[in-house]
Every structure is written in structure tokens, then in C-alpha cells.
Amino acid sequence: MKIFESKKELNIYLDDIRYKNMKIGFVPTMGCIHKGHLSLIKKTISENDIAVCSIFVNPVQFNNTDDFKKYPRTLDEDIAKLESANCDILFAPSEKEIYPEPPVEQYNLAGLDNVMEGKYRPGHFNGVVTVIKRLFDIIGQCNAYFGEKDYQQLVIINHIVKQLSLPVNIHSVETCREDDGLAMSSRNILLTIEERKAAPLLYQSLLYVKKNIRNKPPEKLKEDVKTKINSNPLFKLDYIEIAHKDNLLPANDKIINPDLYRVFIAAYLGNVRLIDNISLSD
Ligand code: PAF
């Protein structure tokens with residue numbers, strides 16, 4: 001695996017690859033590589049000639065400095081995992097390389113950032129789009145792969161790619177889960193043994209909503225989940241929401257076509273904030 005720290009060198013190298021008519025696949029990450037990332041890499045390798053992964057813990061998408069400091073950084077292990085997955089290129093830039101000056105971009109995200117994560121993490125999505133736009137400019141024309149675990153992020157990135165006519169095709173990949181249903185996430189390693197045992201309650205709550213979506217109104221289902229989660233002292237629920245899969249608007253009335261909706265959850269388990277979502281289609 002070739003490792004680049006310089007955006008200029010990577011950009012020139014990839015231009016040469018494109019000149020040879022080879023397809024470039026790109027997986028942006030913040031590192032602490034797990035099986036979920038590796039499934040994105042695997043898909044990238046199968047659909048492209050060259051697989052590029054980036055590792056950059058992006059300071060401007062953290063609305064909480066403590067969360068940024070605590071975010072796991074495991075570069076040596078990540079390199080070993082990417083190498084054994086046959087990833088071709090790793091881009092691991094420094095903060096100065098991506099942000100020579102403090103970034104000032106402000107994106108219009110068409111209100112997609114006013115709900116769920118956007119409500120609880122002000123500025124988060126502007127920070128995500130700021131780094132993604134810079135990474136896409138460095139990588140150039142490519143297929144880019146994102147996991148559905150961060151579904152709101154996926155919708156927002158799709159929006160910005162269309163709005164700015166970026167030469168990038170976005171591909172979504174299903175969430176990878178542990179055997180007990182917990183969505184794979186870099187933050188899972190921060191859970192204590194007791195918290196890790198309790199964590200599948202989030203996925204179980206999503207399944208409960210999916211199972212009952214035709215019999216109970218959204219408000220009742222959300223109330224049921226709130227009661228259940230709040231009865232466990234390890235959790236602090238941020239939100240449970242049922243929202244349209246494209247415009248992310250919350251469903252208030254009884255849902256006629258569950259195929260168009262997803263259910264989303266975010267909660268603190270101890271000090272670790274976890275998110276998850278699933279489609280309501282059968
Ligand atoms: O999903 C992530 O890991 C990050 O939000 C991303 C897309 C790499 C941007 O920093």
C-alpha cells in the first residue's frame with residue numbers, strides 16, 4: 001500500500017491513474033478501522049481499479065473538543081488492516097495539510113442539517129462537508145463509498161455533490177453489525193464491558209419500531225422507545241425519530257408507505273455517543 005501525506009503528491013499520482021483510464025474508488029474515514037470500513041474497502045476494490053482510503057480525524061466536525069480529543073487514533077493498526085484488505089493507497093494528511101488556514105466555508109445544506117444529528121450537534125455537518133469537499137478536490141473524479149450507519153451524512157453528501165456538480169459518484173453500503181446487532185463504529189471500543197453488553201438495546205429499539213410501524217402511530221412508537229431506553233440508567237437518549245429517507249422530514253401521521261421511511265436513534269451510553277438507523281421497508 002502506498003501512503004501519502006501530501007495532497008499535491010496524491011493528486012498528481014491519481015491524475016496519472018485516471019490518464020490510464022483506471023477507475024478510482026475512495027473511502028474517506030477518521031481511522032480506527034473496523035469491519036464496517038473494511039466492507040467499504042472490499043466493495044471499492046471490487047468495483048474500481050484503485051482503492052484509496054483516507055484517515056483524517058477532522059477537527060471541524062466535532063462540536064465538542066473533549067469528543068475530538070477522546071476520538072480513538074490507531075494509525076499503525078489501521079495501516080496493517082488496510083494492507084491486509086489489499087487497499088492500494090492510504091492518504092493520511094496532517095491537520096495543516098488539509099487546513100493551512102482555519103476553514104471559513106459555510107454550506108447551504110437545504111435544511112437537511114436542521115434535524116436529528118444537526119439539532120444535537122450544531123455545525124457538525126458543515127464541518128463534514130468542509131472536509132469532504134476538500135478531500136474530493138484532492139482525489140478528483142471517483143466513486144466514493146459511505147456507510148448507511150451515518151445515513152443523514154450520506155443524504156447531505158449526496159445533496160452537496162449534486163448542488164456543486166462534483167465529479168463523484170456516491171455509493172452507499174449497508175451497516176455492518178456485530179452478532180448481537182450493535183452497529184460497528186469506531187466509538188464502540190470506548191464502551192466499558194457493562195455498556196457494551198447493554199448497547200444492543202439501540203438496534204432492538206429500531207427493530208421494535210419497524211415491527212410495529214403498521215399498527216401504531218409514530219408518536220406512540222417513539223414514546224415506547226423513550227420509556228424503554230430511559231428506564232436503563234446507563235443510557236441518555238438524544239432522539240428517536242422516524243423520518244423520510246430522502247428529505248429527512250419527521251413523520252407525524254400514521255405511515256402509509258413504510259418503504260419511504262427510516263427510523264433513527266442517538267443516545268449516550270455512559271460518555272460514548274452512539275447512533276444507528278434502519279429502513280422501515282420489509
Ligand atoms: O463518517 C466519517 O468517518 C466522517 O464523518 C467522514 C465522512 C470521514 C468525514 O470526516
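Every number for a ligand or one of its atoms is a count from 1 in the order of the listing. The figures that follow rest on heavy atoms only: side chains count, while hydrogens, waters and symmetry mates do not.
Contact annotation for T29 and ligand 1: only backbone heavy atoms (N, CA, C, O) come within less than 4.0 Å of the ligand.
A salt bridge is defined here as a Lys NZ or Arg NE, NH1 or NH2 lying under 4.0 Å from an Asp or Glu carboxylate O, and K20 with D49 fails to meet this definition.
In this structure a side-chain-to-backbone donor-acceptor pair under 3.5 Å is present from Q152 to E117.
Counting atoms of ligand 1 from 1 in the listed order, those under 4.0 Å from a heavy atom of Q153 are 1 (O), 2 (C), 4 (C), 5 (O), 7 (C). Less than 4.0 angstrom separates some heavy atom of Q61 from each of these atoms of ligand 1: 4 (C), 5 (O), 9 (C), 10 (O). Residue V131 has at least one heavy-atom neighbour below 4.0 Å for each of these atoms of ligand 1: 9 (C), 10 (O).
Aromatic ring orientation, F136 versus F26: perpendicular (interplanar angle above 60°, classes split at 30° and 60°).
A donor-acceptor contact closer than 3.5 angstrom is absent between the side chains of Y71 and N58.
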